[in-house]
Amino acid sequence: MAAIDKFEHWYHNRHEYAKEWKKRTGGKVIGTFCTYVPDEILTAAGMLHSRILGSHEPQDVTEPHIFGMFCPFCRDSLAQGLKGRFNYLDGIVLAHSCIHYRQTFDSWKAHIPTEFTYYLPMPNMVQSPSAKPYYLGEVAKFKAALEEYAGKKITDADLDRGIELTNKNRQLLHQIYEFRKTDPPKMTGTEALYVATTAQFVDYEEHNKSLEEAIKELANRQVDRDPGVRLMAVGSENDDVEFFKMVESVGATVVIDEQCAGTRYFWNEARIQPDRLQTISDRYVERPPCPTKDYPERTRFPHVLQLAKDYKAQGAIIMQEKFCDPHEGDNPILKKYLEDNGIPTLGLEFDSTNPLGPFRIRVEAFLETLRTDDLF
Amino acid sequence: MATVTKYPTEPLKCWNKAKELRLKYYKDYAECKQRGGIRWSGGAWAMDAIPAGLGDDVYTLTSEPYAASVAFDPKLNAECQSAADAKGWSRDLCYYMRTYWGSMYVNKYAFGGEFPKPDFVYQTQICCSHHKWYQHVSEYKKVPYFTIDVSVGAYKDLDEGKIQYVVNQMQESIPWMEKVTGRKFDDEKLIAAVNSECRTTSLWAEVCTLNKAIPAPLEEKTMYALYVLATLSKHSKEFGDFYEELRDEVKDRIARGIAAVSNERCRLITDTQPPWSYLSMYRYMEKYGAVSVGSLYTFALEGVFADQPDGSWGPRPTPEQLGIKIRTREEALRIYADWNLCKPEWQHFYDPQIKTDIMLRMVKEFKLNGVILHLNRGCEGLSKGIMENRLGLVKAGVPVMTYEGNMGDEKEMDYPRTLSRIDSFMESLGLGKLEN
């Protein structure tokens with residue numbers, strides 16, 4: 001198996017991976033809701049972070065729990081729990097972000113027996129000077145709760161290890177994303193999605209090792225496909241690889257993303273400070289924000305534009321998870337912002353299962369508009 | 001057929017005054033610039049006692065009740081929605097937000113004239129729409145914007161770190177307001193406003209608690225016209241005085257056995273905002289002798305409750321009632337933060353079980369026969385966890401009916417089907433129509 005293919009294997013076998021990890025290490029597996037959970041602390045505690053994601057299959061088990069006007073992602077994620085697919089989890093943690101996903105956590109807590117459940121308050125007003133001291137206090141409480149649950153202190157050395165492994169993972173993800181900048185890109189968007197998403201549920205040591213191998217491999221890769229139009233994918237959580245495969249089968253390559261199953265998860269490192277918990281908590285306050293936390297100033301838009309420029313995106317697909325209010329509150333303005341800055345956009349509304357046929361037609365039409373010079 | 005008790009009933013004496021106060025509020029906002037006043041806009045959960053420190057001529061437009069007023073005008077509402085659609089906003093976004101934006105885009109004020117531009121916006125955030133709402137208003141109207149993040153978790157888990165985060169943001173907002181208005185902030189006015197808000201919101205809770213009486217002296221459709229004052233300006237002394245007058249009148253109705261609905265024989269509560277275009281459904285329920293005595297929404301959107309010495313649910317005693325004298329800005333803000341964070345309608349944002357427990361308590365203390373849940377497509381905040389609330393109530397043996405609608409979009413409500421559901425629900429409760 002090529003090193004890059006390891007990520008695809010993990011992506012499709014995530015539950016088997018976590019069960020095997022648990023058996024092999026004897027450690028606890030903690031399901032994480034939202035990318036604002038500080039994985040550093042879980043890693044320091046010797047636990048496996050395991051982000052809860054959907055399966056992109058039709059489901060009929062969440063209607064009694066979550067009203068249908070809430071986003072498909074929160075319902076798809078809950079469905080995985082109700083169907084017992086995460087029955088190996090020892091605990092779950094939610095970091096405060098959007099109210100949609102909080103419902104998944106609430107219903108999971110109420111209906112799926114789990115040893116350890118923790119709601120981690122995380123400031124939404126990250127631009128306030130009061131946000132950092134507040135989150136520092138909450139991260140300290142989270143650490144104490146994990147210590148109590150595990151019956152073991154998390155030492156400074158443990159925290160150093162947690163910070164080092166997660167930061168190294170972020171550095172390596174940046175390195176591998178460099179291969180998306182090249183012309184032609186040495187890595188497809190689909191491959192990048194496998195790589196970035198699996199960082200959210202694979203042991204960092206193993207993920208880092210595979211990243212290092214994949215980086216070596218990609219450095220020598222000869223690209224034998226026509227990359228077509230360079231696209232950005234921006235918006236709500238999206239780990240739907242079938243969508244990316246479709247886009248990349250009709251004359252395009254997704255060269256960069258801005259979403260929480262991609263760059264938003266790993267883009268910034270924890271800045272090393274004398275206080276280890278401050279190092280960790282500040283990292284989440286400073287990270288590229290989810291729209292839920294991007295106010296009063298819109299810091300997200302310039303970041304999105306910079307990514308588009310750095311990766312030479314010729315257009316952007318704005319992925320709107322149906323009913324995702326935080327992104328719905330950004331997208332019309334983001335669309336104008338990108339277009340005013342020379343990045344044409346295509347908006348698509350996503351569900352748990354996506355209509356790839358109609359989407360293909362729209363993506364092809366979008367690509368055609370971007371290739372106008374070649375056509376005429 | 002069992003005899004149905006007929007209770008005496010009569011209109012509320014203070015009804016017209018409530019209407020007059022509401023209209024005056026909207027007119028004051030529109031006209032205050034002519035008198036050199038300041039106007040700001042924010043949500044009904046904005047910390048409105050704080051801008052009161054800028055002077056006695058500071059007026060606010062709270063956006064949710066404003067949008068509900070627009071929803072009552074189908075023509076203007078449709079115009080506002082079309083304008084929001086045209087700007088690309090999703091139809092499933094908060095309906096009040098879309099309406100407010102629409103009113104701003106078409107430049108029409110529901111109470112006449114052009115849409116009045118605020119001098120600044122001052123908001124809180126507990127739901128995902130709150131900050132997006134005013135971020136856009138600020139950009140569109142080019143006015144300064146401040147938001148206080150109050151989403152720090154359930155009140156039962158409140159600790160020093162959480163309350164300090166909220167207080168710190170309140171503190172940050174004061175020099176900001178001084179800067180954007182050029183006015184000096186008066187701490188004495190802040191302290192008076194905090195005390196006034198505690199009085200107003202506690203008095204409203206007291207009025208709601210009186211509805212435990214059988215027959216209920218008030219019914220929910222009427223209460224919508226009364227609770228709204230607290231959503232307009234919680235710190236207003238005038239509104240506090242009105243609630244005191246209302247409380248005394250409601251007490252008098254109870255003493256004289258005056259019912260809101262003369263044929264009361266079934267007591268219900270509802271949940272979330274009602275579909276404002278279809279309030280006639282409450283009158284339809286009365287044909288069965290069913291009266292909605294309120295809801296967590298009507299009671300506690302602004303009402304502040306606490307456990308009473310006898311263990312029952314009732315108004316939270318105000319700092320003044322407890323003999324607490326607020327001396328400094330920090331003390332005022334700390335009391336103010338604590339007062340707001342305990343609001344019952346804020347707790348389900350963190351755990352639906354808390355709301356289910358409150359509803360079960362209401363079922364017991366208000367002697368209810370059932371609960372009607374509005375699955376409100378127009379408000380994700382108050383619909384959060386509502387299906388878990390349903391499950392919790394059903395598990396506890398409480399009859400529950402749900403219906404899907406939208407507080408602001410009449411097109412998203414199937415009214416005949418909703419009435420049919422009410423028919424079925426009443427039948428399940430063993431009730432037939434008393435009249436047609």
Original post:
Are the side chains of B:Q135 and A:I333 in touch, meaning some heavy atoms are under 4.5 Å apart?
Top reply: no

**OP:** Determine the interplanar angle of the B:Y165 and A:Y134 rings, folded into 0 to 90°, and report it as parallel if under 30°, tilted if 30 to 60°, perpendicular if over 60°.
**Re:** parallel

**OP:** With sequence neighbours excluded, tell me which residues meet side chain to side chain contact (heavy atoms under 4.5 Å, CB included) with A:N354.
**Re:** A:D240, A:F350, A:D351, A:F359

Subject >> Whether A:R102 side chain and B:F349 backbone form a donor-acceptor pair below 3.5 Å >> reply: yes

Subject >> B:N376 to A:M69 - nearest heavy-atom pair and separation >> reply: O-SD, 3.2 Å

**OP:** Let me know if B:F146 has heavy atoms under 4.5 Å from chain A in its side chain, its backbone, both or neither.
**Re:** neither

**OP:** Please state whether the side chain, the backbone, both or neither of A:F323 comes within less than 4.5 Å of a heavy atom of chain B.
**Re:** both

Subject >> Closest contact, heavy atoms only, B:K132 versus A:D330 >> reply: NZ-OD1, 2.6 Å

Subject >> chain A neighbours within residues 384-392 of chain B, where any heavy atom lies under 4.5 Å away >> reply: B:K384, B:G385, B:I386, B:M387, B:E388, B:L391

**OP:** Might you point out which heavy atoms bring A:D325 and B:C94 nearest each other, and give the distance in Å?
**Re:** OD2-N, 4.2 Å

**OP:** Heavy-atom distances under 4.5 Å only: say whether A:H96 touches chain B with side chain, backbone, both or neither.
**Re:** side chain

Subject >> Contact class of A:I66 relative to chain B, heavy atoms under 4.5 angstrom >> reply: backbone

Original post:
Would you call A:P332 and B:W89 a side-chain contact if the rule is heavy atoms closer than 4.5 Å?
Top reply: yes

Subject >> Closest contact, heavy atoms only, A:Q103 versus B:S383 >> reply: OE1-O, 4.1 Å

Subject >> ring-ring contact (aromatic ring centres under 6.0 Å, His included) involving A:F67 - partner list, sequence neighbours excluded >> reply: none

Original post:
Which residues from residues 117-127 of chain A are near chain B, with near meaning under 4.5 Å between non-hydrogen atoms?
Top reply: A:Y119, A:P121, A:P123, A:N124, A:M125

**OP:** Please look at A:K141 and chain B and tell me whether the side chain, the backbone, both or neither of the residue comes under 4.5 angstrom of a heavy atom of that chain.
**Re:** side chain

Original post:
Does B:Y134 reach the side chain of A:Y295, with side-chain heavy atoms less than 4.5 Å apart?
Top reply: no

**OP:** Search all heavy atoms of A:T292 against all heavy atoms of B:Q125 and return the closest pair with its distance.
**Re:** O-NE2, 3.8 Å

Original post:
Top residue by heavy-atom pair count (under 4.5 Å) with chain A, among B:S151, B:G381, B:G88, B:G161?
Top reply: B:S151

Original post:
Given the options B:Q353, B:Q171, B:K162, B:E404, which has more heavy-atom pairs under 4.5 Å with chain A than any of the others?
Top reply: B:K162

Subject >> Residue part contacting chain B, namely of A:P129, when any heavy atom lies under 4.5 Å >> reply: both

Original post:
With only heavy atoms counted, which part of A:K335 is less than 4.5 Å from chain B, the side chain, the backbone, both or neither?
Top reply: neither

